[in-house]
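This report refers to the structure that appears directly beneath it.
Every chain is numbered from 1, with letters handed out A, B, ... down the list of sequences. Atoms considered below: every heavy atom in the structure, side chains included; atoms not considered: hydrogens, waters and symmetry mates.
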2 protein chains.
Amino acid sequence: MATEQHHGDGEVAELSAILGVDAGTLLEPAVARAWIALLTAYGRLTRALSSELMDSSGMSLADFDVMAQLARVEGHSLRMTELADVALISKSGLTRRVDRLAINGWVTRRRCTEDGRVHWATLTPLGIKAFRNAAPAHLRAVAQRFGASLPAREMEQLTSGLRKIAAANAERVREGA
Amino acid sequence: MATEQHHGDGEVAELSAILGVDAGTLLEPAVARAWIALLTAYGRLTRALSSELMDSSGMSLADFDVMAQLARVEGHSLRMTELADVALISKSGLTRRVDRLAINGWVTRRRCTEDGRVHWATLTPLGIKAFRNAAPAHLRAVAQRFGASLPAREMEQLTSGLRKIAAANAERVREGA
DNA sequence: GGGATATAGTTGCATCCGCAACTATCCCGA
DNA sequence: TCGGGATAGTTGCGGATGCAACTATATCCC
């Protein structure tokens, strides 16, 4: 479903022939185009931004994400589960990511004294320095590759649309009509 | 940068304190919100769709993508490089993906007689059957999770915006002003 | 108090990915 | 015809992911 702009009529017909029904009845063409555009835009952006960030700071996009989440909050600390949540990765993924960040000396993990199950991940001074060093170039890259592609009005529309989609897919699967 | 809607002013201030400059000068807040919305929407959609597809058809999202690309074209065949291109994955990734699809009997790989460097990946009758079996549920899931989230007008705007972003990031890095 | 249950986090395992290096093939010019 | 260079594809390798199972801790209820 990641096709770009080459959507000839013959191809749609070909697809419908395989499916045994008109492809449009299963997924409206306009929705299909939007879905392909989402996959394409996301893929190109993350690929470019990730390699630029790695080159300039030796940090993966996921590393940056996690550190940015910690940088945002007071005390620069979050519980593991909460951090996994906001960074959009699995708990196991976060465990290992924090392992690596800890090896770099960018983050520490310490057990909560009040609830022994909980562990707090905290940005270290060294981590803050690394983040401060990496952030400007990365944020500017986002501004250039993503922000500069659209005028303000369209950017707002994009945000609005994407938020509705995210909201409709929050949490668990819901029974559709 | 994947934060959801909880963007308290205190958090922005906290971030600016770390960066040593107002975060807004590096990345406009409106752009930051859009970027976060994109990451969130993409993450939730692909996670949900991928697990649904795996459950219903034992096929990964990437498998489906590749097979859909082959299904779309006449002869149900594409050259490896071209297929990697439209499926948005690396050449090495495609090599191994086609390996797996071939093990399932869904795709064959055959050397081009005219140019020995070229290999054609072709959907087999069994692969067509598997795709026909998997597609309706998946396309309906896309329609429901993605399509049903937005009215037609906004879907068009979304497509337009995403395409501009994709176009601005086509191919190689370009020198920004 | 003590065991059933729930929650937080980690680990085993299988999988998947991309980059860089490598092989195979083709093409072009001398 | 031969050698250099371009192109297509594969493989070695290191790294990252998620799910399910597991450990550790807390809580609830009798």
Side-chain angles (χ1 to χ4, degrees), chain A residues 2 39 42-55 58-67 77-104 107-122, chain B residues 2 39 42-44 46-55 58-66 77-104 107-122 172-173:
Chain A
L39 294 180
Y42 176 89
R44 291 192 184 168
L45 276 174
T46 53
R47 213 180 304 278
L49 291 172
S50 145
S51 90
E52 285 168 4
L53 179 60
M54 183 60 75
D55 288 350
M59 195 181 288
S60 75
L61 212 48
D63 285 335
F64 186 90
D65 246 41
V66 166
M67 295 181 67
S77 298
L78 283 172
R79 294 160 48 189
M80 294 294 284
T81 297
E82 193 176 356
L83 184 50
D85 242 30
V86 295
L88 295 175
I89 60 177
S90 69
K91 289 195 299 173
S92 62
L94 181 66
T95 290
R96 281 180 267 249
R97 180 154 301 286
V98 168
D99 285 346
R100 284 169 234 135
L101 292 174
I103 289 176
N104 286 1
V107 165
T108 55
R109 203 193 320 240
R110 102 192 111 80
R111 177 180 229 123
C112 176
T113 55
E114 294 167 2
D115 185 335
R117 296 170 300 182
V118 173
H119 291 238
W120 292 87
T122 304
Chain B
L39 294 179
Y42 177 88
R44 291 191 184 169
T46 53
R47 212 181 305 278
L49 291 172
S50 144
S51 90
E52 285 169 4
L53 180 60
M54 183 60 76
D55 288 350
M59 194 180 288
S60 75
L61 212 47
D63 284 336
F64 186 89
D65 246 40
V66 167
S77 298
L78 284 171
R79 294 159 49 190
M80 293 296 283
T81 296
E82 193 175 356
L83 184 50
D85 241 31
V86 294
L88 295 175
I89 61 178
S90 69
K91 289 195 300 173
S92 61
L94 181 66
T95 290
R96 281 180 267 250
R97 180 153 303 284
V98 168
D99 285 347
R100 285 169 233 134
L101 292 175
I103 289 177
N104 286 1
V107 165
T108 54
R109 201 193 322 239
R110 104 192 112 77
R111 175 181 228 123
C112 176
T113 53
E114 295 167 1
D115 184 338
R117 296 170 300 180
V118 172
H119 290 239
W120 293 88
T122 305
R172 305 269 137 243
V173 180

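- Between A:D65 atom CG and D:dT17 atom C1' the separation is 15 Å, expressed in whole Å.
- Look at CD on B:E82: it is 15 Å from C1' on D:dG9, rounded to the nearest Å.
- The side chain of A:H119 lies closest to C:dG9 when the candidates are D:dT10, D:dA8, C:dG9.
- Protein atom CZ of B:R110 is 16 Å distant from nucleotide atom C1' of D:dA8, rounded to whole Å.
- Among the atoms of the strands shown, only primed sugar atoms or phosphate atoms (P, OP1, OP2) are found under 4.0 Å from some heavy atom of B:T81.
- The salt bridge (charged side-chain N to carboxylate O under 4.0 Å, His left out) test applied to A:R109 returns A:D99, not counting sequence neighbours.
- In this view, A:S92 and A:S90 satisfy the side-chain hydrogen bond (donor to acceptor under 3.5 Å, both in side chains) rule, not counting sequence neighbours.
- The separation between B:M54 atom CE and D:dA20 atom C1' is 15 Å, rounded to whole Å.
- Across the protein-nucleic acid pair, B:L61 atom CG and C:dT15 atom C1' stand 15 Å apart, rounded to whole Å.
- Not one side-chain nitrogen or oxygen of B:R100 sits closer than 4.0 Å to the OP1 or OP2 atom of C:dT15.
- No side-chain heavy atom of B:T108 sits under 4.5 Å from any side-chain heavy atom of B:W120.
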**Prompt:** Using a cut-off of 4.0 Å between protein heavy atoms and nucleotide atoms, how would you tag nucleotides 18-29 of chain C 5' to 3' with B, S and -?
**Reply:** BB----SBS---
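- Put simply, CG on A:D85 and CZ on A:R79 are 10.0 Å apart, with the number rounded to the nearest 0.5 Å.
- Remark on DNA chain C: of its neighbouring residues A:D99 and A:V118, the 5'-side contact belongs to A:V118, judged by nearest-heavy-atom nucleotide.
- Put simply, CE on B:M59 is 17 Å from P on C:dT15, counting in whole angstrom units.
- Among residues two or more places apart in sequence or in another chain, the side-chain hydrogen bond (donor to acceptor under 3.5 Å, both in side chains) test is passed with B:T95 by none.
- The separation between B:L101 atom CG and C:dT15 atom P is 14 Å, rounded to whole Å.
- Picking from C:dC16, C:dG9, D:dG9 the nucleotide with the shortest atom distance to the side chain of B:R97 gives C:dC16.
- For D:dT10, one of the phosphate oxygens OP1 or OP2 lies less than 4.0 angstrom from a side-chain nitrogen or oxygen of B:R109.
- Residues satisfying the salt bridge (charged side-chain N to carboxylate O under 4.0 Å, His left out) criterion with A:R117, sequence neighbours excluded, are A:D115.
- Residues passing the side-chain contact (heavy atoms from CB on, under 4.5 Å) test with A:S50, sequence neighbours excluded: A:L61.
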